[in-house]
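Heavy-atom basis, side chains included; hydrogens, waters and symmetry copies ignored. Order of listing sets the numbers, starting from 1, for every ligand and every atom in it.
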Amino acid sequence: MRIAMIGTGYVGLVSGACFSEFGVSVTCVDKDAGKIGRLVRGEIPIFEPGLDQLVASNAAAGRLSFTTDLNAAVNAADAVFIAVGTPSRRGDGHADLSYVFAAAGEIAAALGQGTGDRTVVVTKSTVPVGTGRKVGRILKNALPAGRFDVASNPEFLREGSAIQDFMRPDRVVIGTESEHARAVLGALYRPLYLLETPMVFTSLETAELIKYAANAFLATKITFINEMADLCEAVGADVQDIARGIGLDGRIGRKFLHAGPGFGGSCFPKDCQALVRSAELAETPLSIVETVLRVNDARKQRMADRVVSACGGAVAGKTLAVLGLTFKPNTDDMRDSPSLAILPALQAAGAMVRAFDPEGMAEAKKLMPDLDYCGDAYQAMEDADALILITEWNEFRALDLGRVKALLRQPVVIDLRNIYQPDEMTAAGLSYHSIGRPGSEPVGETHAGLRVIA
Ligand SMILES: NC(=O)c1ccc[n+]([C@@H]2O[C@H](COP(=O)([O-])OP(=O)(O)OC[C@H]3O[C@@H](n4cnc5c(N)ncnc54)[C@H](O)[C@@H]3O)[C@@H](O)[C@H]2O)c1
């Protein structure tokens, strides 16, 4: 079995490497020659735990290769996966499908020059309902007598645990009307049958919508617990106990109930937006998802207000130490990270920001060039007026609290991820502010807050 993976980003590279680990012969294609050049030299362009060894061992075994030559890769393949980006379209929030359709056109052109062997064209990118059928039309127009089948195989991996997620998924979703495509995709995922991974075979449209429904549901769960955290603060309850108390109910489940600064990342914000737009086109508005987006956007801004309040009502002229810039730990991905909303708001209110992130600083520098980037967590704290924890990297979970207190000019810690226990922070002489828990300092929001100041 041979496959071509078109697009070698987070999803294409991880999926390609994992399929090759299953024994499939994989060619990863990207139009970014610099990225392919690095991969050919054995460099991994993204940070994802375990990916370097997986790529190296499969490349050495001859099962995984990298190229910019889409034609050759497509023509040698039994199945071609489209794993290109589907970012938010500027201005209207619809998914920008230009990369998907361009890739489909290039695949069609390549197949037109090929041997005519049957090829399954699979959309792995997250695409609005109806896209797979449009990909099919692009192929059909270019290849009226062509032997191809279309399928949708949305990807559910999470950055930071992407390999484990791909190798041991909760389920695999395959949308197609073609028996041949079913057989080819079933064979590709055969190693997962041994783990009794549920396979959901369905239509193209349903597979496309499952992916959006999953992300919108998870974003809703996070937003729900974030609002409960606000209520906890107002009434003196503890959101972590609420999360445990409801999460132990099997109908609810414990995951995705961690209160924090609001969801971000490369998927939830843009996928919720795109789902809302698709639903509008179908004249079936999704008011829950619309509300989730609105509440989440407002929350990120309010996190900046919260820092101002913890700093005594103003941050002008103050230095803030920030730990964690990426949208979650174990990735270098900065796309839609809460830090991108919170830190510019604090700078606009007059704060200087000294920041450290274990893997995200190269990307962060492109997006926030005027932060003062530091070599480690403690360097960021030197003479700062407050410490803000934005991303819960493991190395921030066991800071030397004595050293933290000694380094900070003011012993103020604002923990937007509830990494620490209020008691231990108070015992260490720190003025501790967290999310939705009693025992931390009350954080009344400054209503003359940042949106007003800025
Ligand atoms: N990142 C995630 O955690 C994640 C998880 C699940 C699903 N997804 C979805 O998977 C898709 C890809 O996301 P990503 O994060 O990997 O994107 P990405 O931006 O990291 O990578 C996309 C790659 O595709 C390449 N590309 C674009 N057009 C091309 C073409 N015509 N030929 C060859 N290469 C081309 C780009 O150069 C880029 O390297 C998106 O639809 C996303 O929503 C992402």
Side-chain angles (χ1 to χ4, degrees), residues 4-18 27-39 44-49 51 66-74 77 80-89 94-110 121-128 131-132 135 138 152-166 169-173 207-208 210-212 214-216 218-219 263-275 326-337 363:
M5 189 65 67
I6 311 302
T8 308
Y10 282 84
V11 165
L13 181 55
V14 172
S15 308
C18 290
T27 307
C28 285
V29 182
D30 207 287
K31 62 180 183 182
D32 180 340
K35 190 178 273 190
I36 292 298
R38 291 181 67 185
L39 285 160
I44 305 295
I46 54 170
F47 176 76
E48 181 62 43
L51 189 57
F66 303 98
T67 183
T68 53
D69 183 355
L70 183 140
N71 273 5
V74 165
V80 179
F81 286 78
I82 300 176
V84 300
T86 49
S88 261
R89 198 162 70 189
H94 280 282
D96 178 352
L97 294 174
S98 55
Y99 303 102
V100 171
F101 293 146
E106 291 164 40
I107 293 165
V121 178
V122 189
T123 308
K124 195 166 247 323
S125 301
T126 303
V127 292
T131 305
V135 166
I138 290 172
S152 163
N153 171 220
E155 184 49 58
F156 298 93
L157 62 77
R158 294 163 297 174
E159 290 174 18
S161 53
I163 294 170
Q164 171 76 8
D165 289 348
F166 194 95
D170 292 332
R171 77 304 206 185
V172 171
V173 173
E208 290 166 340
I210 286 172
K211 172 66 191 176
Y212 281 101
N215 276 0
L218 293 171
F263 63 79
S266 62
C267 292
F268 286 1
K270 72 148 175 98
D271 290 348
C272 288
Q273 279 282 358
L275 179 60
T326 52
F327 80 99
K328 66 172 174 180
N330 294 327
T331 181
D332 57 355
D333 201 337
M334 284 294 299
R335 287 178 282 185
D336 259 313
S337 175
E363 273 310 301

Heavy atom under 4.0 Å from ligand 1: found in [X]'s side chain, backbone, both, or neither?
X	answer
R335	side chain
R158	neither
S266	side chain
P154	neither

- Message: Checking the N or O distance criterion of under 3.5 Å, is ligand 1 in contact with K211?
- Response: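 No, K211 has no N/O under 3.5 Å of an N/O on ligand 1.
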
- Query: Is Y99 in polar range of ligand 1, meaning some N or O pair under 3.5 Å apart?
  - Reply: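 For ligand 1, there is no N or O atom that lies under 3.5 Å from one belonging to Y99.
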
Among all protein non-hydrogen atoms, which one is nearest to [atom], and what is the separation to 0.1 Å?
atom	value
atom 9 (C) of ligand 1	T126 OG1, 3.4 Å
atom 44 (C) of ligand 1	V11 CG2, 3.2 Å
atom 31 (N) of ligand 1	E106 OE2, 3.4 Å
atom 24 (O) of ligand 1	G7 CA, 3.4 Å
atom 34 (N) of ligand 1	K31 N, 3.3 Å
atom 37 (O) of ligand 1	D30 OD1, 2.6 Å
atom 22 (C) of ligand 1	G85 N, 3.6 Å
atom 32 (N) of ligand 1	I6 CG2, 3.6 Å

- Query: Where do S88 and Q273 come nearest, in terms of heavy atoms and distance?
  - Reply: OG-CB, 4.3 Å

- Message: For a quick test of reading the model, state the closest non-hydrogen atom pair linking G160 to E48 and the distance between them.
- Response: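 Looking at all heavy atoms of both residues, the shortest contact is N-OE1, 2.8 Å.
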
Find the distance between [atom1] ([X]) and [atom2] ([Y]) and round it off to the nearest 0.5 Å.
X	Y	atom1	atom2	result
T326	D333	OG1	CG	8.5 Å
F101	T131	CZ	OG1	5.0 Å
D165	F156	CG	CZ	11.5 Å
Y99	S125	OH	OG	12.0 Å

Which atoms from ligand 1 have a heavy atom of [X] less than 4.0 Å away?
X	result
E159	1 (N), 2 (C), 3 (O)
K270	42 (C), 43 (O)
K35	38 (C), 39 (O)

- Note on the structure: Per side chain to side chain contact (heavy atoms under 4.5 Å, CB included), V29 is matched among N71, T67, V84 by T67

Report the member of [options] with the shortest heavy-atom distance to [atom].
atom	options	value
atom 41 (O) of ligand 1	I46, T68, T86	T86
atom 11 (C) of ligand 1	V84, T123, I82	V84
atom 18 (P) of ligand 1	G9, A102, G265, S125	G9

- Task: Test side chain to side chain contact (heavy atoms under 4.5 Å, CB included) on V74 and E106 and set out the steps.
- Result: CA-CA 9 Å; V74 165; E106 291 164 40; over 6 Å; no

- Query: CZ of R89: more than 12 outside heavy atoms within 6.0 angstrom?
  - Reply: yes

- Between I44 and L13, is a side chain to side chain contact (heavy atoms under 4.5 Å, CB included) present by the stated rule, with each step listed? CA-CA 9 Å; I44 305 295; L13 181 55; 4.2 Å; yes

- Query: Does N330 reach the side chain of S161, with side-chain heavy atoms less than 4.5 Å apart?
  - Reply: no

- Message: When you compare the side chain of F81 with that of E155, does any pair of heavy atoms fall below 4.5 Å?
- Response: no

